[in-house]
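Keep in mind it's a predicted model, so treat the numbers as computed, not measured.
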Amino acid sequence: MKQTSNAFLDTARGNLADQRLREHMNGLGITIPLGRAMAMEELGNFEVLRSHLRDIKDHTLNNLDYYLGRYEENVIQRGGQVHWASDASELNDIVAGICQRIEARQVAKGKSMVTEETALTAHLQALGLEVTETDLGEYIIQLADEPPSHIVGPAFHKTPEQIRELFLEHHQLGERSLETPTEMVQEARDILRDKFLNADVGIIGANALVAEDGRSMLVTNEGNGDLGANLPRVAIVCTTIDKVLPRAEDATALLRLLARSAIALPVSAYTSFYTGPRRDEDLDGPEEFHVVLLDNRRTEILGSKYQDMLRCMRCAACLNHCPVYIGAGGHAYGWVYPGPMGSVLTPLLTSLEESSLLPEACTSCGRCAEVCPAEIPLPDLLRDLRAESVQSGLTPWRWRWAMRLHAWLAKRPGLYHFTTGMAIKLMHRMGRKNGFFSKLPVAPGWSSVRELPAPQGGTFMQQWKARSKSDG
């Protein structure tokens with residue numbers, strides 16, 4: 001996927017002007033957080049459980065080589081194969097090599113942010129393979145030739161009317177109404193069933209890897225993961241090195257928070273543990289079982305001040321609660337990972353030069369940190385990236401000079417209070433007629449979409465001193 005993160009402002013501006021998208025995203029920004037809040041209230045021990053999970057993840061990351069080694073040993077013992085990919089290109093080549101060796105023609109692919117990160121589908125298609133996304137949301141955006149806009153609901157930005165139009169255009173099934181979501185889901189199910197039955201290779205992701213027994217855990221709501229892993233001759237799990245956990249009970253602890261954070265339910269519809277290829281006594285399962293573990297700069301993050309980001313479980317809670325994401329839309333972020341987690345991950349996995357605008361896409365409201373089940377201090381990490389951006393000269397010069405001027409004034413309290421006091425008085429006089437400013441020459445981007453109330457009195461310090469005198 002081509003990165004366009006530094007076009008964030010232009011894309012976000014276009015999305016803000018799309019009234020249909022605005023109404024759709026605003027609805028999601030209300031309903032999903034409400035559902036998540038009720039699910040966590042029912043759980044009752046969210047803070048305790050997420051602190052427990054944070055400690056487990058930190059322990060695992062601090063001993064990552066050991067647990068990855070144990071995981072590989074147990075996968076091999078169960079008859080599977082583990083492949084190590086240092087970057088996106090190597091993962092794509094490994095998967096393509098497996099497909100070519102067995103002379104595969106069709107691939108049934110499950111939802112996987114990792115393979116979005118490496119653009120695996122496009123790579124396999126360029127080699128002549130037919131690749132079908134089997135998650136309903138991913139299938140919809142594959143028809144639309146669009147990237148995901150959300151890491152859990154890839155087609156959240158699509159309305160039912162738009163999905164209906166896509167199905168009528170791409171499914172040559174004659175005249176039909178497709179007026180209800182049920183009809184559209186049934187049609188997709190019929191189409192995808194043949195893809196599963198005829199696939200030579202199934203590709204899935206993983207939500208957790210269990211070091212103690214070599215299992216990989218996958219949660220889905222449609223069962224496409226189970227079909228993709230068991231019906232084709234070859235099953236391939238594509239995931240990243242940071243997904244490993246010591247024990248199965250750690251994976252289930254993660255599941256308790258993951259499902260509630262992602263879909264506001266105690267568990268997903270399907271939670272499966274995959275252990276390897278079909279054994280002699282098994283009735284079904286793949287003949288070959290492969291796990292491809294991707295690094296792609298994660299070992300660079302390991303041990304750095306951004307290591308906390310490797311605890312991310314891809315639940316999307318931070319996206320669902322972020323006013324910037326809801327306003328700008330997922331595609332504005334210009335790469336695989338949107339929202340607060342993407343604003344941290346994208347600069348770390350690609351480069352800050354290519355995505356310097358993303359850490360700025362934050363109101364510092366702190367909601368992402370409040371709801372993150374992995375207790376990742378996202379606002380702190382975003383501020384660290386903004387500091388790096390300033391130090392590297394990536395932010396516009398006027399922003400850097402404005403902050404230097406502010407810092408210079410802040411070190412001189414007397415001058416600072418005099419200057420801000422005069423500014424408040426001036427703004428009060430200029431804005432008292434309308435009660436607000438519709439345009440601000442020094443902040444045209446801010447005032448282009450909102451009005452600034454005119455100050456009604458002095459500065460906070462002036463009002464505080466006046467109140468203290470009156471109280472005294």
Whether the Glu179 and Ser177 side chains hold a donor-acceptor pair (N or O, under 3.5 Å, no angle test) is what I'd like checked. no
Side chains of residues 21-28: which donor-acceptor pairs under 3.5 Å do they make with residues two or more places apart or in other chains?
residue	atom	partner	partner atom	Å
Arg22	NH1	Asn15	O	3.1
Arg22	NH1	Gly327	O	3.1
Arg22	NH2	Ile326	O	2.4
Arg22	NH2	Gly327	O	3.1
Glu23	OE2	Gln19	NE2	3.4
His24	NE2	Phe156	O	2.6
His24	NE2	Lys158	O	3.2
Asn26	ND2	Arg22	O	3.1

Donor-acceptor check, side chain of Glu138 to backbone of Lys111, threshold 3.5 angstrom: yes or no? no
Going through the distances and angles, do Thr132 and Gln106 end up as a side-chain hydrogen bond (donor to acceptor under 3.5 Å, both in side chains)? CA-CA 8 Å; Thr132 304; Gln106 296 191 41; 5.9 Å; no
Counting only heavy atoms from other residues, nucleotides and ligands, does the tally under 6.0 Å from CE of Met461 exceed 12? yes
Could I get the full list of side chain to side chain donor-acceptor pair (under 3.5 Å) partners for Ser304, not counting sequence neighbours? none
If you look only at distance, which donor and acceptor atoms sit under 3.5 Å apart when one is on a side chain in residues 253-266 and the other is two or more places apart or in another chain?
residue	atom	partner	partner atom	Å
Arg260	NH1	Arg256	O	2.9
Ser261	OG	Leu257	O	2.8

For Tyr337, the ring-ring contact (aromatic ring centres under 6.0 Å, His included) test, sequence neighbours excluded, returns Trp335
Verify whether one side chain among Glu212 and Asn74 offers a donor that lies under 3.5 Å from an acceptor in the other. no
Side-chain donor-acceptor contact under 3.5 Å, Tyr139 with His170: no
Pairs of donor and acceptor atoms involving the side chains of residues 312-320, under 3.5 Å and at least two apart or interchain, shall be tabulated with distances.
residue	atom	partner	partner atom	Å
Arg314	NH1	Cys312	O	3.4
Asn320	OD1	His150	NE2	2.8
Asn320	ND2	Ala316	O	3.1

With sequence neighbours left out, the residues meeting side-chain contact (heavy atoms from CB on, under 4.5 Å) with Trp464 are Phe460, Ser468
Do Arg311 and Asp58 meet the salt-bridge criterion of a basic N to acidic O distance under 4.0 Å? yes
Would one find more than 12 heavy atoms of other residues, nucleotides or ligands at under 6.0 Å from atom NZ of Lys305? yes
Quick one: list whatever passes ring-ring contact (aromatic ring centres under 6.0 Å, His included) with His321, sequence neighbours left out. none
Which atom pairs, one a donor and one an acceptor, fall under 3.5 Å between side chains of residues 376-383 and the rest of the protein, sequence neighbours left out?
residue	atom	partner	partner atom	Å
Asp380	OD1	Arg383	NH2	2.4

Quick check for you: to the nearest 0.5 Å, what is the distance between Asp250 atom CG and Thr252 atom OG1? 7.5 Å
Counting distance only, does the side-chain N/O of Asn434 pair as donor-acceptor with the main-chain N or O of Phe436 below 3.5 Å? no
Exceeds 12 heavy-atom contacts within 6.0 angstrom, atom CD of Glu42: no
Does a side chain donor of either Thr121 or Glu133 reach within less than 3.5 Å of an acceptor in the other side chain? yes
Gln172 (side chain) donor-acceptor with Glu169 (main chain) under 3.5 angstrom: yes
Drop me the distance from Glu360's CD to Leu394's CG, to the nearest 0.5 angstrom. 10.0 Å
Residue list, side-chain contact (heavy atoms from CB on, under 4.5 Å) with Asp226, at least two apart or on another chain: Asn230, Tyr270, Ser272, Tyr274
Closer than 3.5 angstrom, by distance alone: can the side chain of Asn207 be matched with the main-chain N or O of Ser216 as a donor-acceptor pair? no
Between Arg298 and Asp295, is the closest basic N to carboxylate O distance under 4.0 Å? no
Output for pair (Arg36 CZ, Thr31 OG1), nearest 0.5 Å, gives 14.0 Å
How many angstroms lie between CG in Asn92 and OG1 in Thr118, if you round to the nearest 0.5 Å? 4.0 Å
Measuring from Asp213:CG to Glu73:CD, what's the distance to the nearest 0.5 Å? 13.0 Å
Would you call Glu130 and Lys195 a salt bridge, taking side-chain N to carboxylate O under 4.0 Å as the test? yes
Strictly by modelled atom types, are Thr115 and Lys109 linked by a side-chain donor-acceptor pair under 3.5 Å? yes
Apply ring-ring contact (aromatic ring centres under 6.0 Å, His included) to Tyr306 and list each qualifying residue two or more places apart in sequence or on a separate chain. none
Between Ser355 and Ser351, is there a donor-acceptor pair closer than 3.5 Å when you use the side chain of the first and the backbone of the second? yes
Within a reach of under 6.0 Å around CD of Glu41, are more than 12 heavy atoms found that belong to other residues, nucleotides or ligands? no
For the pair Glu183 and Arg164, find out whether any cationic side-chain nitrogen is under 4.0 Å from an anionic carboxylate oxygen. no
Only counting residues at least two apart or in another chain, list the ones meeting side chain to side chain donor-acceptor pair (under 3.5 Å) with Thr220. none
Measure the CZ-CG distance between Arg50 and Asn45 for me, rounded to the nearest 0.5 Å. 12.0 Å
Would the His59 and Tyr66 ring centres measure less than 6.0 Å apart? no
Just by modelled atom types, is the Asn221 backbone N or O under 3.5 Å from a matching donor or acceptor in the Ser268 side chain? no
Modelled atom types, side-chain donor and acceptor of His157 and Glu146, under 3.5 Å: yes
Is a side-chain N or O of Asp10 found less than 3.5 angstrom from the main chain of Ala7, in a donor-acceptor match? no
Got a sec, which residues hit side chain to side chain donor-acceptor pair (under 3.5 Å) with Glu300, two or more places apart in sequence or on another chain? Arg297
Is atom CD of Gln77 surrounded by more than 12 heavy atoms (other residues, nucleotides or ligands) closer than 6.0 Å? no
How about Gln307 and Asn62: does a side-chain donor come under 3.5 Å of a side-chain acceptor? yes
Could you tell me whether the side chain of Thr346 and the main chain of Gly342 form a donor-acceptor pair under 3.5 Å? yes
